[in-house]
Structures are given as C-alpha cells and as structure tokens.
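By convention in this document, chain letters (A, B, ...) are assigned in the order of the sequence lines, proteins followed by strands, and residues within each chain are numbered from 1.
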Amino acid sequence: MAQGAPWLEGLNPAQRAAVEATEGPVLVLAGAGTGKTKALTARIAHLLRTGRARPNEILAVTFTNKAAREMKNRIGALIGEAAEGMPWVGTFHAIGVRMLRRHAELVGLTPGFTILDTDDQLRLLKQLIAAADIDEKRWPARLLASVIDGWKNRAIVPDRVPAAEAEAFGGQGPALYAAYQDRLRTLNAVDFGDLVLHCLTILQTHPDVLGQYQRWLRYIHVDEYQDTNVAQYLWLRLIAQGHRNLCCVGDDDQSIYGWRGAEVGNILRFEKDFPGAQVIRLEQNYRSTGHILSAASGLIAGNRDRLGKTLWTEAGGGEKVRLIGHWDGEEEARWIGEEIEAIAAGRRAVVAGLDGVAILVRASHQMRAFEDRFLTIGLPYRVIGGPRFYERQEIRDAMAYLRLAVSPADDLAFERVVNTPKRGLGERAQATIAQAARAGGTGLASAAARLAREGAIGGRAGAELRRLTEAIGRWHAVALAPGYDHVALAETILDESGYTAMWQADKTPEGPGRLENLKELVKALEGFENLQGFLDHVALIMDNAAEDAAEKVSVMTLHAAKGLEFPVIFLPGWEEGLFPSQRAMDETGLRGLEEERRLAHVGLTRAERLATVSFAANRRVYGQWQSQLPSRFVDELPPADVEVLTPPGLYGGGFGAAAGGMAERVARADAYASPGWARMAARTSAPRGIARPEEARTLTVRADAEAAFAPGARVFHAKFGYGRVMAADGDKMQVSFEKAGEKHVLASYLVAAERAADLPF
DNA sequence: GCTAGGTTAATTTTT
DNA sequence: TTAACCTAGC
C-alpha cells in the first residue's frame, strides 16, 4: 500500500485518513500525543509528491516559529529535499508580513513599514493617553493596549466598535483606538494585531487581490486551530473559499489561550462553518502510559464545552499519577528536589535523567521556590520562557539604533535612544525636538538635526545632539549603498553611539552579560543579507537564541509546556485560587474554569511515564501566609488512577484523604492546626464551599456574581482593612478604606465585610 | 537631569 | 515579597 510512498509509512489508519482526505474541508481532532504533526506533515508531503499541488500552492499556518520550523524540517525530510521553496509555510504573522509588504499601499502604508514591539506600542499609547488628558494612573496604557488588542483579535476596526463596548477605557477607548491607528499610519508602522487585521481588510475590500490568493493557494492547513482568533478565522475563511480545501488540525481540549483572543468556538463550530466537512479523530496516544492518560481523560471529562475524544494507548498502565500534599510551598519544593534526585539516581520505579524531568507551574512566580531550592542543593535547572533575547533592554536599544540607520524617520526608535546613553537630552530638550518636528512636518531625527545645526539647543546637550544626528546621517548613507557591509556598520553604530561604552562603564553585575548579548546580536547579523532583512526577521522571531546542552531539569509554566513532552512531570501548586486561578474564574466564570481544566489536562498529558501532582496547605502569597485548599481538580482525578503518597512528617497520611473526596478531606483537615485552615475547612462544609465537580458550575456562577460589589457595600481587604465601595467598573473597585484611604483594587481581593471573620488570617 | 527611596499592586504570553 | 514605577530632593 505504502509502497513507493514512503511518506505514508508508519501512519495509523486515522492518521492515514487525515493524509488522504485531501479535498474539501477537513477537521482533524488530534488529542495530545496522537501524532498530529506527523499526520500534518505527511499530508503536505502527500500533496506534493502526488502532484496535487506545487510547493507555492500550499498554505500552512502555525502559531509559533518553532512549529513552523519543525514543519518545514519534517516536510523536507519526507520529500527528500529542503522545503525552502514553500513560501506560504509559516506563522500567521510571518505570512501576514509577506502579504502586507506586497499590498501595503492598499491600507495606506508603504512596503517599508516597521513592526512595533510591545515597548514601542506602549510608549505610543502613553503619548496618546497624555494627549487626551486622561489620568494614566486610573487608565494605564497596558489596559488600553489589551483593549485594542482584544478588538483587533476580533477584527473590529475603530469605527466598528460595538456600542456595548464603547464604554471601554472610560468611554475613550474607541477614540483612542482611532487615534492610535492614525498615528501608526503616519509612522508607517504596524503592530502585531495589524499584521492579520490589515491583511483581512485588504482581502475584504479588494476582490481582485482576494481572487488572486484564492486561485493561488489550493490547499490550506492550519495547525493548533483551537488557538485561532476571530480575525485569523475570517482571514482563513476568505482564502479557503477558493478551492475549499481547508484542513484544520487542533484539539479543543488544549485550548489555553482564550485570554489572549483565541476562540475555542472556531473549532467547536467547524462543521457548521464548513458544511460537508469531514471530521477525523486521532485518538491513539503514543506518549503516555495508561494511568496518566486515563487520569487526564477523567479530568477533562468535567468540561461541558468540548467535542469529546477517547484517548487510548497500547502502552501498559504504567505508574499511577502520584498525589501528595505538603505543609507549605517550601516543603513542596524540597520534596520535589529530593524526588528528582532519587529518580535521576535510579531509586524510583521510573528512572530518568535530569533532561527528562520538568516542573510545570500555573504562574511564573511559582518558579521562584524551585529556583531557590535547586540553587541550594546544586541541582542544575533551566527556566523555559524567561525574558527572550530580543526583548532584553540592551538588544532593543541596539535594534533601535539599527532601525535609525535604515530609516532615520523612525520616530519611535529615535525616542528610545536619543538619551541612551545619557546625553543630557532630558524631557525639556525632547519636547523642543518634538515641537520642531510637528511645526516642520518632519520626523524627530531631521528636526533634531536642524535644531542642532541652528544651535537652538545649547550647551552639552546641543553638542551631543549634533554629534548624534550627524552620526545617524552617516550611518544612513552607508546603509543606502547597495552591498554595504552591514555587520561592520552595526559595529560602528554601537561604537560611535557610545552604547557599548555605556555598558562597559556599567558596574552592576548585569553589565558583562549585556555586552555579551550585544556581541551575540552582531554575530546574528552575519546570517543576513542586510540590516532590513535582519530587522524584519527579529520583529517576528523573538526566540531565545542560546540552547545549552547540559543535563538540566526544566522549569516552566503550563502554557509554555504545550507541545512538549517529558518522561517525568511534576505539577505543584494544585490549590484553589492558584490553580484554578481565582482571577480566571472571576473574570470569565465557567469559561475560565474550563480553560483552567484544559490547562490541567495539558499538564498531565505532557508526562510519558510519571506524573506527580502536589499541593500545599499553606503558601506565602505576596508576603502574607495564607491557608490553601486543595484544588478541585485534585478531586476530579479518577481515584483508580491515583496513588496517594504520605507526606513526610505527617501522621495518618494527612492530605491523603483528598483522593477519597471532599467529605473525607474535610474530616481530616483538622490534622492541620492552623486556625485559618480550620476556619477554611469549616467554611468548606457550608453551602458556599469549594465545590465537588458537579457543584463547580453553580459555584463559579455565584463567585462570578460576587466578583463585583455594588457602590455603598461595606468590604474588607487583607491589607487595607474595612472600607466602603465608592464606584465599580467591572471587577475593578474604587474603595474608600477607613484607615488606608481611597484605593483601586480588584474585587477578588475583597470580601463582604460581614464575611471578614471567616477569613483565615 | 539624575538617583534614591517610597508607593503600589499583583496570571497565563506568542507574534 | 518584590519589582516596577513615581516623586522628591540633590
């Protein structure tokens, strides 16, 4: 069968069906560890090798560069040649840039537009907020950024903001959004959201362009379809209307990015959106042993909004999921450290090297406890998903200088480095420059050059400004010459600007590292033709460069773990409020809870042979000790797949009762003497308690309703004490505290005053 | 214009 | 607890 078709070898029947269903809309529901990338790449290889499509007729979009790279590599391996000739394989954003550069003028840009990073974006928004005379404290730029981002994710342009949302950002949201888009256009810049939204606008308003892509792209593939947002969905749907060959691969149970615009509804609705669609389920799991898989399946079964899959494996039962409770977070970290040493030393049923072990946490601040512990015991670890190389301050500064050399009119870049290193050009001088730029209708750099020449800014500042603007002119002249040595230019720029010298003079411990990073940046330049090519690449690819080979334990968030697998997984911090996160539940209620549950499912399914869930009775939250209740997800694990471990130093198994369910857990809870714990436990048995799975929904609805307090309500805050609600905006409360005065706090940090006595402190 | 100390508020993060 | 941000004083 697969004879003469090596790309079909080793596929199971479902995978093979997905590969061969080339025509018409197809949804491949691929559970965790079921070989989805294998099926997807085999399908593309199949299209190519059977002559159904040429490399440039296949569109394949992913969310991350890593996924795009892997797809290209694997297709290349299958068809026996590099997949470099496939221009439409990439992330939504990379493909968006490609399209947009081609048609920039249709949305009022020129093809040389710059792509803003988050920093630039915030700086721009701050200016607009200040210009609109809005109090930045009450209405921070970050909030506006997320509001605008939310609109862009849903393909809402400024004049189409729904009336119900016009109140956003103090009623100024829509106006500021419009102003922001105007400003971007004059700067000839786009943000990440625009990369998709502008493309969509072009396709919607220019049938000729749309027709061109519709004819061109015969086969369309989407990886991680559950992560698409509305704008991406609309974009895909338009293009797919041509040949109607759309293959979406995804897993509704792994949708964990709802908070940044991903719309699970896209995958849940697929069959309605694309009538006659085939749905193929990949359910055979090749990653995990039986108990792990079954525990994960049992847990996710608690979600109502899902298409449903039954994962199975030919691997045996293996080890049960281990469950253990600890006295506090430090003990949890200590215990996990010891377990890892035991596993690495071969003293446990499952043996793995440090590279095979990962700790997955809900929120990045939880990583600290493990870092502290591992440092003291000298256990090598790596943190995945920390600050990325291209997001570091020194790299962004250096990039701003490079941007100025390519286009001196880049105002945001100019603003960023005009006084870095310090040149005595403070607020006042910058205001003068900005004013001159506005008056002359030019960019900041050219206005600055004029001011410097005319001597309008005096003293050291004037001299420095003159040096800087002349240097920019020189660099730009070099960058204009075809075939210039861009690596040498970059070195010159960093040198002449005084930027390298600035870090050489820096005596803080970070100094040397930053210089090292700058060197790496220059080295990275070597791989590119010129500066422009490099800048484009960096704007989209924020990957961390350094990969070191040493054996280390990985520590990362559950989000960062998606798509990865490890023989041994630790899942600490399964406590109510932490995981599921209180905030997720407050903000989006049942939807939030279900996303948290999917996150738990993602965590468990990362494990190949051993998964250990743990929780602590006490945890320091923002410096305050707090009693914690085990997560409802602990109770939702099927008891048959769980082995309860006895925590060290506790009689009678302590939390061991948790696996038996709520009643038993509460009965045993008095093993812990903390008054707070006792009160919490007592409260648990009251109607308002933390729910069993079947109660979870009503509880969440109630919690949601209680998230807000009406003005006038008397409330209690752990730090500020008693107070009265003055105003409420969603979950944000303005409270006048008796002792602490007026504050803005999130409703989830408040309780009704009459319930304050129930609190565990 | 810069820096040190006080104030504030507090997921998840890719592009 | 802590890190980022702002304000007051040099």
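- Checking B/dT13, B/dT15, B/dA10 against the side-chain heavy atoms of A/F192 singles out B/dT15 as nearest.
- For A/Q435, the CD atom counts as loosely surrounded, since its 6.0 Å shell holds 12 or fewer non-hydrogen atoms of other residues, nucleotides or ligands.
- Atom CZ of A/R467 sits in a sparse spot, with 12 or fewer heavy atoms from other residues, nucleotides or ligands closer than 6.0 Å.
- Comparing atom distances between the A/R260 side chain and each of B/dT13, B/dT15, B/dC2 picks out B/dT13 as nearest.
- Relative to the ring axis of A/W88, A/R98 places its NZ or CZ within 45° and under 6.0 Å from the centre.
- Once the 5.5 Å centre distance and the 30° plane angle are applied, the aromatic ring of A/Y257 is found not to be stacked with the base of B/dT14.
- Going from atom NZ of A/K66 over to atom P of B/dT15 covers 10 Å, rounded to whole Å.
- Under the rule for a salt bridge (Lys or Arg N to Asp or Glu O under 4.0 Å), the partners of A/R416 that lie at least two apart in sequence or sit in another chain are A/D119, A/D397.
- Of the possible polar contacts, none joining the A/H103 side chain to the A/I202 backbone as a donor-acceptor pair under 3.5 Å is found.
- Stacking between A/Y622 and the base of B/dA10 is present: ring centres sit under 5.5 Å apart and the planes differ by under 30 degrees.
- Between the C1' atoms of B/dT11 and C/dC6, the separation comes to 25 Å (whole Å).
- You'll find that the side chain of A/R428 is closest to B/dG1, out of B/dG1, B/dT13, B/dT11.
- Relative to the side chain of A/E587, the nucleotides B/dC2, B/dT15, B/dT11 differ in distance, and B/dT11 lies closest.
- At a threshold of 4.0 angstrom between heavy atoms, the contacts of A/Q121 with the nucleic acid are absent.
- Nearest nucleotide to the A/R368 side chain, out of C/dA3, B/dT15, B/dT13: C/dA3.
- Side-chain proximity of A/T118 to B/dT12, B/dT15, B/dT11: nearest is B/dT15.
- The base of B/dT12 sits with one of its N or O atoms less than 3.5 Å from a complementary donor or acceptor on the side chain of A/R362.
- Comparing B/dT15, B/dT13, B/dT11 against the side chain of A/T91 picks out B/dT15 as the nearest.
- Nearest nucleotide to the A/W259 side chain, out of B/dT13, B/dT11, B/dT3: B/dT13.
- The side chain of A/S581 lies closest to B/dT11, out of C/dT1, B/dT11, B/dT12.
- Remark: the separation of the P atoms in C/dC5 and B/dT12 is 15 Å, to the nearest Å.
- Closest to the side chain of A/N419, from the set B/dT14, B/dC2, B/dT13, is B/dC2.
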